[in-house]
Amino acid sequence: MNEQRNNLTAYVNKFHAKFDTRLAEYNVTDKIKWDDPSWPFGEKGVAWLKEPKYHGFNFSFISNKYKGLTELPISNEYQSFMRSYHMLIVCSTDGLPSGSKLDKDLQVMKRWYFEMVKETGHTHPMYLTSKIIYAAMDRHKENSISANNVSDYCDIAVTIIKNIRRYNLTLVNIEITNKYPCRNQTNSTKQRRKAVNANPEHTNDEKLISIRAFMSIIELIMMAKKDSERMFYNMLLLGIICGFRFQELLLMTKDSLVRRDITNQDKRQHAIDNGWPTYRLGIKYLGAKQAGWRIHWLAPSSYPVVEAIFENMKALTAESRKILKGYRASNFTNFLPNEIKELSNEWIECRDLVGLMFSGTGGTRKAISKSITNSIKKFSGHEPKVIPVHKQLKKYYFTKDQLNDYVYQRYAGIKNFDIGHQCVISAKNGGDWEHFNYEDLLFIAPEGSFFIDFDLVSLQHPVPLNEHSVEAWLGGTKKRKSIFDAYNLYEDDGSRIELKKHVPRHNINTFLAIAGVTDHIQAILMGRIDITQNKHYQHQAESQEYRTAALAVIALEKTMEENKKSLSKNDQLSLFDPKGKPTSPCSEIKNEQTAVSRRMMAMARAATNHSRSGVDAVKKYTAMLINPKLSMELNMKQNMQTYGETSAEVTHFIQGTMSNNFVPDIKEAYDRLIKQKQSIAAKELLERHAKLHPLNFGACTRDVARWGCPHAMKCQTGLPCGYFSLTGHMGEDVEISRRLAAKMNDLIILRKLHEKDPSFELALKEQEEALIVLEAFESKTIDSLKPKKLISLLSKDKDNPLARIIERVNEQTLIGKKPKTLADMFFIEQKRMERDANKEEDDA
C-alpha cells in the first residue's frame with residue numbers, strides 16, 4: 001500500500017514538473033496553478049488550454065450533468081491523479097490535443113471515482129479495481145441511449161488503464177476490455193438492420209430544418225430590428241447554404257471570399273451560354289477536426305446570396321472593426337471613444353454614455369443608468385459619484401480613467417487578455433496554432449448583442465460569436481428565450497422551433513446523401529477527413545425511401561377523400577335547409593319588427609349573398625379572369641384588387657393595365673404624350689395619378705386614404721363621379737349585375753311613389769340617371785371580358801398563375817410524400833429529376 005502511495009506521489013511530481021515547464025515555455029507561469037480547482041479552457045485559457053470553444057476542466061467535484069451521477073466532491077489525491085493524466089496526454093501527443101479529447105478522459109475518471117466511493121468508501125486512486133471500472137461502464141450504459149457513445153467511452157477507459165499500468169498506482173493489477181463494443185459491423189449488416197427497423201413515423205427529423213422553421217428564418221430576416229439580429233441571420237443563412245460547423249463560421253475572416261476567373265475558353269463560353277458568372281467563387285476557411293485550411297467552392301446560383309452576406313457583414317461590423325483597430329494602435333491602453341476623450345470635463349454622467357459606450361433601454365423601467373452602473377461595478381469594481389437632482393432623479397458620474405479601466409477589466413474577465421493575446425482568438429491546426437485578430441473576423445458584435453431579455457450592449461467590447469448565445473437564439477436551450485420565441489414563430493403543430501447549431505450542416509449532408517453523392521465526394525464537400533462519418537447523415541435518405549413506398553397509396557387515398565369532402569355540403573355555405581327551404585341568417589327573427597330591423601335584415605342578406613372584394617371572389621370561385629396579354633403579376637393584382645402599397649407599385653399597375661375601360665382619361669393623355677415623344681412627362685403623369693383605392697364596386701382614383709371622399713361614396717349607388725373607375729377585378733361583373741337589378745327594383749318602387757306623390761320626382765330622376773350609368777358600366781364590363789378567359793386555379797392550364805404550384809403538388813402526391821423538412825423537399829425534387837431522366841431515356 002505504501003508502495004502505491006509513493007508511486008502516486010512520484011507520478012504526480014513528475015507531471016507537476018512538466019506542467020510548470022510547459023507554462024514557462026509559454027511565459028504564463030502566474031496565470032494558472034497546479035492545485036487550482038479548475039483550469040479554464042477556451043478563450044480564457046492559456047498555453048495549450050486555448051481554443052475557440054469553452055470546455056473548462058473542473059477537478060474538484062462531480063456535477064449532476066453526468067448521466068446517472070449525483071454531485072460529489074473529489075479528494076485532493078484523486079484530483080492530482082486526474083491532473084497528472086491530463087499532462088501525460090498533453091506531453092505524449094504530437095501537436096496539440098483537442099479540448100473534447102481531454103474532457104472525455106476527465107469524464108471517464110470521474111465516473112470511476114463515483115463508483116469507487118459508492119462501493120468502497122475510499123477516495124485514493126490506488127483502490128481502483130476492474131470491478132469498479134466495469135460498474136462505471138454499466139452505469140453509463142444504463143443511463144445512455146447511444147450505444148456508440150458508451151462504446152467510445154469504454155474504449156477510453158481501456159486506453160487510460162493501459163497508459164497508467166506501468167506506473168503501478170493501484171493495489172491490484174487491472175485488466176479490462178470494452179464491455180459494450182459497438183463496431184466492426186459490415187456495411188451490408190448496417191443496411192439490413194436499418195431496413196428492418198425503418199419506421200416512417202419515427203425518422204430523425206429533429207436533426208433537420210423543417211420547412212416552417214426555414215420560412216420563419218426568412219421572416220425574421222425581413223423583420224430584423226437591430227444590427228445584432230441582422231448579423232445573426234446572415235451567419236445562420238451562410239451556415240444553411242454551405243453547411244459549415246460553428247467553429248468554422250466563428251473563425252471565418254472578412255477576406256475569406258476567393259474569386260478566380262474562368263480562363264478556359266470552352267468552360268467560359270459554357271458559363272456564358274447558361275447565364276452563369278464567368279468566375280468561380282469559394283470561401284477559404286480553417287476546417288475543424290484537423291481538416292486544415294481549405295476552400296469551399298460554391299454553386300453559381302448561390303454567388304449573389306453569399307456575396308451579399310459578406311457585404312452586409314462588412315457594413316454591419318465596420319464600427320466594431322474601427323474600435324478594435326484603435327485599441328491595437330494604442331497598444332491596448334486607450335479604450336475610450338474620441339467623443340468622450342475630447343470632453344473637457346473629467347467626470348462623465350451615465351446618460352451621456354448611451355450611444356457612445358452603451359446601447360439599450362434599461363429594461364421595463366427604462367433605468368439605463370442603473371444598468372450601466374451595475375455593469376461597471378460588476379467588472380471593474382468602480383462605484384459612481386452620485387449627485388441627487390430631486391427625490392426621483394439621481395445622476396451617476398464616472399471618471400474617464402474609470403471608464404477606460406472598465407473596458408480593460410471586462411475584456412480581461414471574459415477573455416485571455418495577456419500581452420500578445422489581446423483581442424485574439426486562437427485555434428489548433430494539427431500541431432500548430434492559428435491566431436486571428438478580432439477585427440479580421442467576419443462575424444463580430446459588441447458584448448451583450450445576443451441577449452434577448454437583457455438589452456444592455458457594451459459597444460466598446462466587440463467580440464466573436466458566442467457559442468452559447470447562438471444556441472439559445474436558435475432555440476436549442478430550453479431555459480432561454482429564442483429569437484423565434486421573441487417573434488412568436490412556431491412549428492406548424494404549434495410546438496416551439498428548436499434548432500441546434502449543427503443542424504444546418506446535418507441538413508446539407510443529408511441533401512448530398514439523398515442525391516447519391518459518393519462517400520469520398522461527400523467528405524470533400526463537407527470538409528471532413530473521416531469518411532466513415534457520412535453514415536450519420538445517410539439514415540435520413542434511407543428513412544425517406546421507406547416513407548415513399550409506404551405512404552404512396554395512403555397519400556392518394558387521403559387526397560381523394562379530402563377532395564370529396566371539399567364538395568360536401570357540410571363544408572360549404574348552405575343555401576337551403578334539410579327540408580329544401582331557403583335559409584336566412586335572420587330566419588329566427590320574428591315578423592313583428594320595425595322598419596330599421598327589416599333594413600338590417602336586408603343588409604345582412606346582401607352581405608352573405610355576394611363577394612365583398614376581389615380576394616373574396618377568387619376564394620369563392622377558385623378561379624381568375626386571365627388576360628393573356630398581361631403578365632401573371634398584373635393578372636393576379638387586377639383580379640384580387642391588390643394594386644400595391646407604394647406609389648411606384650401602383651404606377652406600374654396602371655401603366656400595364658390601363659385601357660378604354662380602366663382609367664380611360666389617363667390612358668388618352670398618356671398615349672398623347674408618348675406620341676409626342678415626351679416619355680418623362682408621361683411617366684410623371686402616371687406618378688401624379690398613382691392613386692387607386694379598391695372598393696367593393698370598382699376603385700377610386702382619389703387619395704381617399706388621406707383626404708377622404710367628399711361625395712359620400714355616391715359611386716357605389718351608381719351616381720356619376722369623376723374619381724370612379726372600373727378595374728376588371730374578379731366578381732366585378734356579378735356585382736354590377738346585382739346592383740343593376742337592385743336599381744331596377746328601386747325604380748319600380750319610386751315610380752309608384754311618384755305617381756302618388758310628385759315630391760319624389762327629384763329622387764326618381766337621380767335614380768334613373770344612376771340606372772343609365774350602371775347600364776354603361778355593364779356594357780364596358782362585357783367589353784373588358786372579351787379578351788379574358790375564366791381559368792380554375794386548380795387546373796393545369798398554362799395561363800393559370802398557380803399552374804406550377806399545382807403541378808408540384810400533384811407530383812408530390814404521386815410520389816407519396818408530405819414534405820415536413822427541407823430535406824423532404826429536396827428528396828421530392830430529386831425523385832422528380834430521376835423520374836424525368838428515366839422518361840427521357842425511355843423516349844429515346
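Scope of the values below: all heavy atoms of this structure, side chains included, with no hydrogens, waters or symmetry mates.
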The complete set of salt bridge (charged side-chain N to carboxylate O under 4.0 Å, His left out) pairs with one or both residues in residues 323-344, sequence neighbours excluded, reads Arg328-Glu439
Restricting to pairs with a member in residues 410-421, which pass salt bridge (charged side-chain N to carboxylate O under 4.0 Å, His left out), not counting sequence neighbours? Lys31-Asp418, Glu43-Lys415
Heavy atoms only: give me the nearest [X]-[Y] pair and the separation to one decimal.
| X | Y | result |
| --- | --- | --- |
| Ala690 | Ile654 | CA-CD1, 4.1 Å |
| Pro337 | Gln460 | CD-NE2, 3.6 Å |
| Leu102 | His86 | CD1-CE1, 3.7 Å |
| Asn416 | Gly45 | ND2-O, 2.8 Å |
| Ile295 | Tyr285 | C-CE2, 4.5 Å |
| Ala47 | Tyr26 | CB-CD1, 3.4 Å |

Taking side chain as C-beta onward, heavy atoms only, is [X] less than 4.5 Å from [Y]?
| X | Y | answer |
| --- | --- | --- |
| Cys242 | Ile283 | yes |
| Tyr490 | Arg212 | no |
| Phe59 | Ser38 | no |
| Ile340 | Leu353 | yes |
| Met223 | Leu489 | yes |

Verify, without hydrogens or angle tests, whether [X] (side chain) and [Y] (backbone) share a donor-acceptor contact under 3.5 angstrom.
| X | Y | value |
| --- | --- | --- |
| Asn334 | Leu336 | yes |
| Glu248 | Arg245 | yes |
| Ser375 | Ser371 | no |
| Ser380 | Ile376 | yes |

Run the numbers on Arg496 and Glu491 for salt bridge (charged side-chain N to carboxylate O under 4.0 Å, His left out), then give the verdict. CA-CA 6 Å; Arg496 187 171 185 259; Glu491 295 283 7; over 6 Å; no
Ring centre gap for [X] and [Y] strictly below 6.0 Å:
| X | Y | result |
| --- | --- | --- |
| Phe379 | Tyr411 | no |
| Phe41 | Trp48 | no |
| Phe484 | Trp473 | no |
| Phe19 | Trp34 | yes |
| Tyr327 | Phe335 | yes |
| Tyr406 | His382 | no |

Partners passing ring pair (Phe, Tyr, Trp, His ring centres under 6.0 Å) against [X] (at least two apart in sequence or in another chain):
| X | answer |
| --- | --- |
| Tyr438 | none |
| Phe214 | none |
| Phe398 | none |

Which pairs of donor and acceptor atoms, one on a side chain in residues 440-451, lie under 3.5 Å apart (sequence neighbours left out)?
| residue | atom | partner | partner atom | Å |
| --- | --- | --- | --- | --- |
| Ser449 | OG | Pro446 | O | 2.6 |

Can you list everything that forms a side-chain hydrogen bond (donor to acceptor under 3.5 Å, both in side chains) with Lys377? Sequence neighbours excluded, please.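 Result, side-chain hydrogen bond (donor to acceptor under 3.5 Å, both in side chains) vs Lys377: Glu383.
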Under the side-chain hydrogen bond (donor to acceptor under 3.5 Å, both in side chains) rule, collect the residues that match up with Tyr487, sequence neighbours excluded.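 For Tyr487, the residues satisfying side-chain hydrogen bond (donor to acceptor under 3.5 Å, both in side chains) (neighbours in sequence not counted) are Glu229.
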For [X], which residues count as a side chain to side chain contact (heavy atoms under 4.5 Å, CB included) partner, sequence neighbours excluded?
| X | result |
| --- | --- |
| Leu343 | Ile348, Lys400 |
| Ala315 | none |
| Ser60 | Pro37, Asn58, Gln79 |

Evaluate the side-chain hydrogen bond (donor to acceptor under 3.5 Å, both in side chains) criterion for residues Asp485 and Ser482: first the C-alpha distance (whole Å), next the side-chain angles of each, then the deciding distance (0.1 Å), finally the verdict. CA-CA 5 Å; Asp485 298 333; Ser482 74; 3.1 Å; yes
Pairs meeting criterion side-chain hydrogen bond (donor to acceptor under 3.5 Å, both in side chains) with involvement of residues 310-319, two or more places apart: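 As it turns out, the side-chain hydrogen bond (donor to acceptor under 3.5 Å, both in side chains) pairs with a partner in residues 310-319, which skip direct neighbours, are Thr317-Arg321.
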Could you please spell out the steps behind the ring pair (Phe, Tyr, Trp, His ring centres under 6.0 Å) verdict for Tyr279 and Tyr303? CA-CA 10 Å; Tyr279 60 90; Tyr303 288 7; 5.4 Å; yes
Charged N-O contact under 4.0 Å between Asp227 and Arg230: yes
